Amino acid sequence: MSSTLAGWLQALALVGALALCYRPLGDYIAKLLTTAKHLRVERGLYKLVGVDGDADQRWPVYLRSVLAFSALSILFLYGLIRLQTHLLLSLGMPEMAPHQAWNTAVSFTTNTNWQSYSGEAALGHLVQMAGLAVQNFVSAAVGIAIVAALIRGFTRNRTDRVGNFWVDLTRIVLRLLLPLSIVFALVLVANGVIQNFHGFHELSTLAGDTQSIPGGPVASQEVIKELGTNGGGFFNANSAHPFENPTGFTNWLEIFLLLVISFALPRTFGRMVGDNRQGYAIVAVMAIFWVASAALITFFEAQHSGTALQAAGGAMEGKEQRFGVAASSLFAASTTLTSTGAVDSFHDSFSAFGGGLTIFNMMLGEIAPGGTGSGLYGMLILAIVAVFVAGLMVGRTPEYLGKKLGGREMKFASLYILTTPTIVLIGTGVAMALPGERAGMLNSGPHGFSEVLYAFTSAANNNGSAFAGITVNTPWYDTALGLAMAFGRFLPMVFVLALAGSLAQQQPVPASAGTLPTHKPLFVGLLSGVVLIVVGLTYFPALALGPIAEGLH
Amino acid sequence: MPTFLRTHLTALRMLLVMTVILGIAYPLLITGVSQAAFADKANGSIVKSGGQEVGSSLIGQNFNLPKKNPDDPNEEAQPDPKWFQPRFSAGGYDPKASGASNLGPNDEKLTQTVQDRRAAIAAFDGVDPASVPVDAVTASGSGLDPHISVAYAKEQVDRVAKARGVSADTLNQLIGKYTEDRSLGFLGQDGVNIVLLNKALSETK
């Protein structure tokens with residue numbers, strides 16, 4: 001079979017598998033977010049934790065719960081990392097410096113999984129599984145909980161209650177993430193991903209060298225790293241490492257896992273608002289961007305422009321033989337469009353336009369389909385902006401799903417949209433203005449600038465992948481990128497929950513002849529246009545200095 | 001108790017419960033089942049030769065000549081003509097330092113390195129520089145890539161046959177045996193497993 005045909009087939013198989021899961025998984029998530037019934041184990045857990053599972057919260061209380069849980073998660077993880085030399089299973093790893101521990105703690109709590117450390121040289125098994133992997137689960141659940149609250153803002157009327165965070169968190173973890181993780185972790189092990197508690201195991205190679213084979217509970221962490229759109233690798237090489245991703249099949253499965261929840265959530269949305277067509281419109285916009293990006297990155301990688309790639313005769317620098325160009329490009333598009341940030345190949349060595357697209361994908365705001373939950377709430381904010389723009393054109397107060405989008409709602413939506421670009425552009429600007437931080441670049445010229453731009457784009461959008469040549473384990477980068485991740489994660493959540501509260505209080509207005517239908521192709525086109533224009537106008541100058549300058553050179 | 005404090009206590013209790021379930025019980029469960037059902041794979045797909053562990057079938061290795069002066073860190077290791085050679089690795093096939101070169105597509109150093117590699121490999125294998133395949137002149141993503149392309153394996157046959165005094169036919173058969181097709185026929189890319197190929201080579205009399 002030719003590589004081209006195989007490339008097409010694996011993409012088509014992915015589309016087919018995601019389409020098959022759309023309805024059942026989306027409906028299942030809608031049910032677990034709306035049912036009044038608690039499982040017995042959940043009731044026990046609520047008792048243990050001390051929450052009333054039947055009491056819904058007002059949006060400020062919901063927000064406080066999210067922030068308290070996240071703040072304690074950062075503190076707990078920071079402590080665990082700093083104390084690891086005194087704990088079990090530390091494998092004799094050295095102590096991590098405070099700035100790097102802060103960066104790592106924020107990174108995993110915010111679902112970013114930016115890594116300024118190298119897994120096999122910095123962390124023992126206990127921190128990986130009881131610290132990082134736990135955050136992989138709960139940070140993914142927090143994202144879904146926030147979007148659940150926003151959807152309830154649309155579905156509930158004249159109330160100040162948007163749900164109960166503790167119940168949402170518990171159900172998403174116990175009914176969705178954990179069962180899927182158990183099944184697919186075992187599938188990964190069956191295909192060669194390791195799962196043990198060994199340390200490094202030294203042996204003598206065929207040619208007589210010594211080699212240290214690593215151990216660790218990798219599969220249990222790998223699966224939720226993808227499923228929860230986290231992306232933090234057990235090892236430095238992330239999903240390029242053969243112990244994290246041993247075959248062409250596991251590679252395909254990992255791409256599927258990192259997309260499946262985010263692509264099913266629009267169905268959950270449609271189901272909860274009582275009109276499945278609304279979900280189809282949203283998922284259509286997500287799919288358009290994902291398909292276009294995957295196709296373009298594959299095209300640019302196959303074309304392999306660039307002096308080094310031309311000299312080599314292909315874009316295989318930083319790519320694994322068992323994946324090849326097509327599967328690596330598909331992974332790269334999917335991981336940067338979902339806020340996952342796992343990599344099966346190294347984006348720094350991608351062609352100028354191929355690598356530039358991975359940056360552009362993140363700049364879209366991680367909405368196509370985006371991180372678990374965060375992708376959908378990001379897209380719904382843009383949908384609100386699109387409805388508002390359409391309303392301006394005809395001169396009437398816009399409404400979305402029966403809720404009026406007045407000044408208050410638009411303020412929250414606008415603040416949401418302004419947050420991430422502000423962090424990215426200021427952060428990049430400051431880093432470029434400081435000579436010590438500029439020196440962190442591995443590559444020179446526009447490509448070096450792209451490394452810095454990539455770093456802040458990735459942090460503020462909670463992606464976590466990198467143009468990994470850049471040296472970021474410095475007090476300045478660790479601190480600055482830690483702040484970018486924290487503000488990029490929690491400020492938008494504040495605006496989303498405030499918006500949810502504002503929508504829930506309204507009395508719905510009945511649809512009239514002047515209402516913009518938000519389930520038709522026209523709206524799909526309008527929303528896609530808004531996404532492109534908002535991002536294009538915001539980031540074009542920065543992109544022009546980096547990947548565009550390099551690609552046109 | 002003030003609300004502020006109560007919220008944080010709830011959060012702390014929730015975090016601890018989640019840590020016990022997701023951070024302790026879940027990985028122990030997966031490890032237990034994996035060790036019972038897939039012990040070989042769960043422990044790293046270790047391969048043995050003559051009773052001795054010689055590597056993992058998933059982790060590539062160096063196949064270099066011994067250094068002339070083992071204590072000299074600046075001496076560049078030279079490939080051993082008796083073995084099929086793997087791809088280049090940014091970390092020298094050290095699993096404690098996995099990762100890629102991260103050099104950009106227009107990087108001058110990378111361009112020069114690729115050209116040097118092409119010339120060196122062509123001379124080493126006695127072939128036309130233009131025919132050296134792309135995987136041979138580039139470093140992998142993990143630095144531990146256990147595969148090379150079929151083309152690169154075939155290119156090395158004559159050199160290995162000569163160095164070992166075995167027939168090219170035998171070697172071509174071994175390459176066929178250790179060529180791993182795309183998963184399910186269409187996922188990923190095919191390649192020859194260099195660790196298994198060289199192990200079989202070392203066991204061929």
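What you are looking at is a predicted structure, and each value in this text was computed from that prediction instead of being measured. Letters A, B, ... mirror the listed sequences (proteins, then strands); counts begin at 1.
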Does B:N102 reach the main-chain N or O of A:D348 with its side chain, forming a donor-acceptor pair under 3.5 Å?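 No: the side chain of B:N102 does not pair with the backbone of A:D348.
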Taking A:Q195 for the side chain and B:I30 for the main chain, is one N or O donor matched with an acceptor at less than 3.5 Å?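 No; judged by distance alone, with no hydrogens or angles, the pair does not exist.
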Please determine, among [options], the option with the most heavy-atom pairs under 4.5 Å with chain B.
options	value
A:S450, A:P446, A:A207, A:A308	A:A308
A:S351, A:S345, A:A121, A:G216	A:S351
A:L48, A:V51, A:V173	A:V173
A:G318, A:A6, A:A327	A:G318
A:L132, A:I194, A:V193, A:L442	A:I194

Trace of the side chain to side chain contact (heavy atoms under 4.5 Å, CB included) decision for A:F200 with B:K96: CA-CA 9 Å; A:F200 282 99; B:K96 288 184 171 175; 3.5 Å; yes
To the closest 0.5 Å, what do you measure between [atom1] ([X]) and [atom2] ([Y])?
X	Y	atom1	atom2	value
B:L110	A:L309	CG	CG	7.5 Å
A:F69	B:R13	CZ	CZ	13.5 Å
A:S349	B:D107	OG	CG	8.5 Å
B:D135	A:M316	CG	CE	6.0 Å
B:K67	A:D209	NZ	CG	9.5 Å
B:H8	A:L67	NE2	CG	8.5 Å

Name the member of [options] that forms the most heavy-atom pairs with chain A at distances under 4.5 Å.
options	answer
B:S45, B:G143, B:G44	B:G44
B:G191, B:P27, B:S202, B:A100	B:P27
B:L9, B:T3, B:I59	B:I59
B:V195, B:I46, B:I148, B:L28	B:I148
B:V137, B:L15, B:N193	B:L15
B:L144, B:V132, B:L103	B:L103

Considering all heavy atoms, the nearest [X]-[Y] contact:
X	Y	answer
B:D145	A:K319	OD2-O, 4.3 Å
A:L72	B:L12	CD1-N, 3.5 Å
B:S183	A:G248	OG-N, 3.3 Å
B:T7	A:S65	CG2-CA, 4.0 Å
A:L206	B:W83	O-CZ2, 3.6 Å
A:V189	B:A42	CG1-CB, 3.9 Å

Between [Y] and [X], is there a side-chain heavy-atom distance shorter than 4.5 Å?
X	Y	result
A:H447	B:N106	no
B:D94	A:Q211	no
A:L186	B:S34	yes
B:Q189	A:R322	no
B:V17	A:L45	yes
A:L178	B:I21	yes
A:S181	B:Y26	yes
A:N191	B:K41	no

Where does [X] contact chain A at under 4.5 Å (heavy atoms): side chain, backbone, both or neither?
X	result
B:R117	side chain
B:V134	both
B:Q35	side chain
B:A97	backbone
B:L65	neither

Going by atom types only, do [X] and [Y] share a side-chain donor-acceptor pair under 3.5 Å?
X	Y	answer
B:S98	A:E120	yes
A:E317	B:S101	yes
B:S142	A:E320	yes

Taking side chain as everything from C-beta outward and backbone as N, CA, C, O, which of these in [X] sits under 4.5 Å from a heavy atom of chain B? Side chain, backbone, both or neither.
X	value
A:A466	neither
A:H201	side chain
A:A133	neither

Derivation and outcome, side chain to side chain contact (heavy atoms under 4.5 Å, CB included), residues A:S3 and B:R182: CA-CA 10 Å; A:S3 318; B:R182 295 182 169 91; 3.6 Å; yes
Is it the case that more than 12 heavy atoms not belonging to B:E75 sit under 6.0 Å from its CD atom?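 Yes - once you tally the heavy atoms of other residues, nucleotides and ligands closer than 6.0 Å, there are more than 12.
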Atom CD of B:Q52 with >12 non-hydrogen neighbours under 6.0 angstrom: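 Open.
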